[in-house]
Amino acid sequence: MFNFHLNFWDVIHRRYNSPSKYTNDMQQGLLIDMDGVIYNGETLIQGADTFIGNLIKQDIPFAFMTNNSQRTSLEVTRKLKRLGIEVTKEHVYTSAMATGKFLGDQGHSGTAYVLGEGGLLTSLHENGITLVDTDPEFVVLGEGRNFTLEMVQRAVDMILAGAKFITTNRDPSPKKPGWNNLGIAATTAMIEEASGVKAFVIGKPSPVMMRSARKFLGLETAGTTVIGDTMETDIQGGVQMGYKTVLVLSGIASKERLGKYAFKPDLIVGSVDKLEFPLKWW
């Protein structure tokens, strides 16, 4: 297993000062999903460490783009390190970060009642949102196992009283026995039904996150490629934004079901270690 380290200031220098080695006029880079692309649960997908190592060696800008709002970027890097991939926080962009940035960019310095955990709480605080238990401007929902049905009922009452409802993403449960998380789509639907208010969704495939992740990496639309294992989030989001897309079959998606979608990825591979650079559109 490989173990790679990239100095923080090297990341900054390369991102903003180094042209792509594949074109003379445009930086090319990657937004990479993690679960199903780099690992499955707690198991590294074969060849993913080599793939990331090659990106670093070739100075190809990349960021892991995840809908999971529970972990901070530091916690994400620690998990990757346990799996043999050592990167910096500059390589991580989460739906929690996108949610905090969205509220900050909207000029809000308001209050929020949060159903969520560390990554979401940290991001909101860093973007000037005050966390409260009464009379919030926003109710913000993220993944979590530590909030109760009573807390959900309080959130519903707050929305009925005029709070704006935001959810970090709408990922469904994988519907597998033993799964230890209800799934944020189910919790969102429950609050929507009880309040009669539709949530504003930040995470993939929403253009809010797809756009802010690209800007986080310092790329233009035509220089952005999304790599993911889910047609409904990664690939759909990329297609809607005009990014190039790569579907890997190491996670949720299967070739047999691709015909049911009205859109398609630019490239399909079994896993990320099958990708060869430069990509054909670079």
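Numbers for residues simply follow the sequence, beginning at 1.
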Peer 1: Under 3.5 Å, is there a donor-acceptor pair between the Tyr93 and Ser212 side chains?
Peer 2: yes
Peer 1: Can you check side-chain contact (heavy atoms from CB on, under 4.5 Å) on Phe147 and Leu141, steps first, answer last?
Peer 2: CA-CA 10 Å; Phe147 50 82; Leu141 174 65; 4.1 Å; yes
Peer 1: Under 3.5 Å, which donor-acceptor pairs link side chains of residues 265-275 to any protein atom two or more places apart or in another chain?
Peer 2:
from   : atom 1 : to     : atom 2 : distance (Å)
Asp266 : OD2    : Thr245 : N      : 2.8
Asp266 : OD2    : Thr245 : OG1    : 3.4
Ser271 : OG     : Asp273 : OD1    : 2.3

Peer 1: Considering non-hydrogen atoms only, spot the tightest contact between Gln28 and Ala222 and give its length.
Peer 2: OE1-O, 4.1 Å
Peer 1: Under the ring-ring contact (aromatic ring centres under 6.0 Å, His included) rule, what pairs show up with a residue in residues 35-55, not counting sequence neighbours?
Peer 2: none
Peer 1: Can you name the closest pair of heavy atoms from Glu192 and Arg170 and give their distance?
Peer 2: OE1-NH2, 2.5 Å
Peer 1: Relative to each other, are the rings of Phe64 and Phe62 parallel, tilted or perpendicular (30° and 60° limits)?
Peer 2: perpendicular
Peer 1: Supply the atom-to-atom distance Leu120 CG to Ile202 CD1, rounded to the nearest 0.5 angstrom.
Peer 2: 10.5 Å
Peer 1: Between Phe200 and Phe102, does a ring pair (Phe, Tyr, Trp, His ring centres under 6.0 Å) hold up when you go through it step by step?
Peer 2: CA-CA 11 Å; Phe200 183 76; Phe102 171 77; 5.2 Å; yes
Peer 1: Might you point out which heavy atoms bring Arg211 and Tyr243 nearest each other, and give the distance in Å?
Peer 2: CA-OH, 3.7 Å
Peer 1: Give me the atom names and distance for the closest heavy-atom approach of Asn68 to Ser95.
Peer 2: C-OG, 3.8 Å
Peer 1: Are the side chain of Thr77 and the backbone of Lys89 linked by a donor-acceptor contact shorter than 3.5 Å?
Peer 2: no
